[in-house]
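Chain letters run A, B, ... following the sequence lines, proteins first, then strands; residues in each count from 1.
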There are 2 protein chains.
Amino acid sequence: MSKSNNVYKDAFNRGLRLLDETRSLPSEPELGTLLGVSRTTVRSILSRMEETGLIAWNKRNKTVLRAPKAEDFFPEEETDSLAEIIERSFMRRLLAGGAEAGMQINELELAREIGVGTTSVREFLIRFSRFGLIEKRRNSHWVLKGFTRAFALELTEIREMFELRSAAAFVALPQESAVWADLDRLEIEHRQLASEIATRFNEFSELDERFHRLIHRASHNRFIVDFYDVIAMIFHYHYQWNKAQERERNEVAVQEHLAYIAALKSRDPAKVDAACRKHLKSARQTLLSSIPEGRQVQPA
Amino acid sequence: MSKSNNVYKDAFNRGLRLLDETRSLPSEPELGTLLGVSRTTVRSILSRMEETGLIAWNKRNKTVLRAPKAEDFFPEEETDSLAEIIERSFMRRLLAGGAEAGMQINELELAREIGVGTTSVREFLIRFSRFGLIEKRRNSHWVLKGFTRAFALELTEIREMFELRSAAAFVALPQESAVWADLDRLEIEHRQLASEIATRFNEFSELDERFHRLIHRASHNRFIVDFYDVIAMIFHYHYQWNKAQERERNEVAVQEHLAYIAALKSRDPAKVDAACRKHLKSARQTLLSSIPEGRQVQPA
DNA sequence: AAAATGTTTTTTCACGATAAAAGACATTAT
DNA sequence: ATAATGTCTTTTATCGTGAAAAAACATTTT
């Protein structure tokens with residue numbers, strides 16, 4: 001098996017959802033941009049849709065014959081890219097098992113365990129190394145640095161520098177800038193979420209990421225924008241493993257975001273700075289409190 | 001050819017230089033740590049040294065028979081790792097030829113041109129992507145973002161944030177910290193270089209890197225420390241291609257460093273901040289002035 | 001002529017295989 | 001008993017290969 005066709009399968013599944021909405025599908029190039037794949041893949045998708053009786057396909061005519069059923073979809077797990085599979089496996093090991101700092105990482109073993117080639121694992125590790133959790137010994141193995149308190153502190157230090165600067169840049173943007181409309185939309189979403197927080201609290205992390213990315217983008221600095229990938233990754237896995245007080249935490253965070261948004265809209269740098277600092281401080285606390293390890297010195 | 005033995009060749013060359021200094025070589029493990037390679041490689045080296053009559057080797061006895069001659073060394077170009085070869089080729093193309101932003105990068109073409117496998121090129125590009133000069137399109141090619149004025153500004157913005165913070169952390173280090181001795185040593189090297197600047201000006205960039213890395217390390221933040229790799233890489237290639245006023249530039253920079261060092265030694269945060277800002281400002285100017293592109297708007 | 005479809009070529013992604021290098025284990029020397 | 005040497009095993013670095021996917025080119029349709 002030299003390359004899985006997950007791109008095709010994933011696009012096919014997404015393509016199925018389009019069938020509900022229309023009587024006939026658009027042109028191949030159009031479908032390509034819509035699904036984010038090449039025409040080659042679009043044609044494979046259309047072929048299968050024809051074969052399984054979903055559409056009648058004759059050149060430009062792609063008539064929808066029936067609505068897709070559950071069995072028309074490819075199974076979810078077949079639509080993931082290898083990189084995603086490796087990342088999940090790796091993070092599970094890292095967060096679940098004994099992920100002690102200093103432990104060495106074996107490419108071959110990882111590859112065998114996950115059931116993939118070594119090249120894919122190597123490439124994953126190289127990409128992953130920018131998160132600062134692993135490090136390569138020249139001509140030798142990788143070393144796990146560990147998801148430690150030190151790591152969290154270093155991460156949040158940079159985060160705070162970058163976000164304060166981005167927030168300051170944000171308020172300096174002209175009124176015509178599209179970000180203000182984006183911010184208004186996010187504010188509405190926040191208010192909706194706040195009013196239904198009891199049931200929808202688990203939707204917060206996605207909203208959180210979008211909100212912070214919007215702010216970081218105002219820096220117009222690729223290094224700042226890219227750094228948010230590190231934060232997002234950590235928070236993503238962190239929240240999957242630490243569900244303690246999730247509802248309460250998110251409830252607080254939503255309110256902080258609303259205050260932050262209000263400060264941004266006031267365009268008063270001092271208010272923004274204060275609201276931003278307040279939110280970042282509690283975000284830091286949340287992260288730190290989930291990392292045990294901070295062996296307190298016992299008072300004598 | 002599945003893997004070049006450049007590790008062996010490079011270590012062999014370095015091993016040859018040890019022969020000048022002693023009458024007999026130390027134990028295999030000791031040589032291993034000295035040369036930074038495994039015992040396996042050490043033994044290959046010793047074998048060859050024996051074969052070519054450089055040493056007599058019998059178990060623990062490794063007697064030096066003669067001094068190494070020029071022809072004993074492996075050619076320099078055979079000691080480079082593939083990654084170094086690829087990086088150089090890539091940077092040459094990027095800085096020399098038409099490196100227009102938006103241009104797409106072709107893995108296969110690059111691999112063919114350099115004469116290496118695609119895997120190595122892929123891995124290089126992934127590693128290189130953290131420098132912010134290229135970007136991957138999902139399931140598709142890489143895109144060159146270009147070494148533009150915008151890039152230089154974004155880079156220096158982060159550099160300045162990080163270095164100011166590191167310098168502030170530096171002065172807060174206790175007197176017992178080893179960094180103060182390191183700083184003293186660097187100061188001496190700076191003074192020596194300053195006094196012979198007319199002939200040794202090209203040695204500055206190496207000293208520059210060591211100095212700034214020392215300061216960044218005081219941040220105790222892996223993201224700050226790692227970011228210096230980006231700066232070092234850019235400056236490294238930048239200086240290879242822009243030799244205009246090299247002597248004058250370096251002369252100024254050495255003096256700025258000395259003032260900066262004096263400020264650090266004074267342990268006065270305000271002075272440090274001022275000296276740091278001054279130096280970073282001129283470093284930024286130097287970098288910016290070498291990037292043409294800043295198409296001036298012609299006065300009407 | 002512009003945009004779609006049909007066809008062919010090229011590139012990316014991922015694998016297994018192999019030599020270099022590291023590492024582990026067994027044996028011998030101080 | 002410790003530390004070296006000798007030997008064997010495992011892992012890393014790199015390549016060539018082939019299928020998936022993209023891209024380029026040619027042809028047809030509106």
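- For the pair B:Asn221/B:Asp226, no side-chain contact is recorded, criterion being any heavy-atom separation below 4.5 Å from C-beta on.
- With A:Glu28 as the partner, the salt bridge (charged side-chain N to carboxylate O under 4.0 Å, His left out) test is satisfied by one option alone out of A:Lys59, A:Lys62, A:Arg60, A:Arg39: A:Arg39.
- Looking at which nucleotide of DNA chain D each of A:Trp142 and B:Trp57 is closest to, the 5′-most match is held by B:Trp57.
- Taking 3.5 Å as the limit, the base of D:dT12 and the side chain of B:Lys3 contain a donor-acceptor pair of atoms between them.
- One end of the helix from C:dA1-D:dT30 to C:dT30-D:dA1 points its axis 30° away from the other end's axis, with each axis taken from 5 pairs and the angle rounded to 10°.
- No side-chain donor from either of B:Glu78 and B:Tyr8 sits under 3.5 Å from a side-chain acceptor of the other.
- Straight-line distance from the CG atom of B:Leu82 to the P atom of D:dC15: 5 Å, rounded to whole Å.
- Backbone-only engagement by B:Ser4 is indicated by non-hydrogen atom pairs under 4.0 Å involving sugar-phosphate atoms exclusively.
- The CG atom of B:Leu46 sits 15 Å away from the P atom of C:dA21 (whole-angstrom rounding).
- Comparing D:dT12, C:dT7, D:dT7 by their closest approach to the side chain of A:Leu108 singles out D:dT12.
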| said: Using side-chain contact (heavy atoms from CB on, under 4.5 Å), reason through A:Gln240 and A:Phe235 one step at a time and then give a plain yes or no. | reply: CA-CA 8 Å; A:Gln240 295 210 330; A:Phe235 276 63; over 6 Å; no

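- Backbone-only contact: B:Ser140 has heavy atoms under 4.0 Å from sugar-phosphate atoms and none from a base.
- Going from atom CG of A:Leu125 over to atom P of D:dT12 covers 9 Å, rounded to whole Å.
- Among the heavy atoms of the strands lying under 4.0 Å from A:Ser27 are primed sugar atoms or P, OP1, OP2 only; no base atom is included.
- Between B:Asn58 atom CG and C:dT30 atom P the separation is 10 Å, expressed in whole Å.
- Atom-to-atom, CD1 of A:Ile105 to P of D:dT12 comes out at 10 Å; the value is rounded to the nearest Å.
- One atom, CG of A:Asn139, and another, C1' of D:dT11, lie 11 Å apart when rounded to the nearest Å.
- Put simply, CG on B:Asn61 is 19 Å from P on D:dA3, counting in whole angstrom units.
- When the side-chain nitrogen and oxygen atoms of A:Lys62 are compared with OP1 and OP2 of C:dT5, one or more of them lie within a distance under 4.0 Å.
- Atom CD in A:Glu107 sits roughly 15 Å away from atom C1' in C:dG23 (whole-Å rounding).
- Side-chain atoms of B:Ser2 and base atoms of C:dT18 include a donor and an acceptor less than 3.5 Å apart.
- A:Thr119 comes within contact range of at least one nucleobase, with a heavy-atom separation under 4.0 Å.
- Residue-level contact check: B:Arg137 touches neither bases nor backbone, having no heavy atom under 4.0 Å from any strand.
- Residues of residues 126-136 of chain A having a heavy atom closer than 4.0 Å to DNA chain D, listed by number: A:Lys136.
- At a threshold of 4.0 angstrom between heavy atoms, the contacts of A:Arg138 with the nucleic acid are absent.
- Looking at A:Thr40, its side chain comes within 3.5 Å of the base of D:dA23 through a donor and an acceptor atom.
- Figure legend: cation-pi geometry between B:Arg159 and B:Phe227 absent, as NZ or CZ is not positioned both under 6.0 Å from the six-membered ring centre and within 45° of its axis.
- As judged by a 4.0 angstrom heavy-atom cut-off over every strand, B:Lys9 is placed among residues making no nucleic acid contact.
- Residues A:Val37 and A:Arg60 both approach DNA chain D. Their nearest nucleotides, taken by heavy-atom distance, put A:Val37 toward the 5′ side.
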